[in-house]
Amino acid sequence: MMARRKPKKGQAASKGYREAKRLRAKLHKKVARRRQDTGRKWAKSVVADHDALAVEDFKPKFLARTSMARKAADAAIGATKQALIEMGRKHGRTVHLVHPAHTTMDCAQCGARAKHALPLGERTCTCTACGTVSSRDKNSARVMLVRAGLDPAGAEGVRPPGAPPQVAA
Ligand SMILES: [Zn+2]
């Protein structure tokens, strides 16, 4: 709508152009709010189930320059990370910010660093040093836990103190 109503050079913006601009602003606002809401809901569920968290301290601007740019922007991972940090502080969890370099290149098992970065399409990570095969994302998640000084072995299915006990089925 804005493109069709774009004012010619030196001409004042028409009423239709201004209206289109208003609609665009409204839509963008809606998208931003929806992303924040989703981010907060996700962060809340993570914070509720874990008493210590580790997250990559990446710079959203750096990611924007990589091939992941549009996917990262679309998933609003910067806003989501922020929501996780805020939610963790609010509920008294320890949030570790981990140095983001090489999280997909290091082996969570033995700490060896791969010589080459994994292409994004490669979903499993095989360590050349110790031969450990694991899912790409799980390996990086474990690397982050190790860097935060946490134990990856105890990361799954652990509930924080104060959480209602899980009833065995
Ligand atoms: Zn290894």
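Numbering of ligands and ligand atoms starts at 1, following listing order. Scope of the values below: all heavy atoms of this structure, side chains included, with no hydrogens, waters or symmetry mates.
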Let me have the donor-acceptor pairs involving side chains of residues 2-9, under 3.5 Å, with sequence neighbours excluded, atom names and distances please.
from : atom 1 : to : atom 2 : distance (Å)
R5   : NH1    : M1 : O      : 3.3

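Remark: side-chain polar atoms of N139 are paired, donor with acceptor, to backbone N or O of D106 under 3.5 angstrom. Remark: the backbone N or O of F58 is paired with a side-chain donor or acceptor of K81 at under 3.5 angstrom.
The NE2 atom of H50 sits 9.5 Å away from the CG atom of L145 when rounded to the nearest 0.5 Å.
Inter-residue side-chain proximity for V95 and V55 is flagged as met; some heavy-atom pair is nearer than 4.5 Å. Between C125 and L118 the shortest side-chain heavy-atom distance falls below 4.5 Å.
Near the Zn ion (ligand 1), less than 2.8 Å away, sit the protein N, O or S atoms C107 SG, C110 SG, C127 SG, C130 SG.
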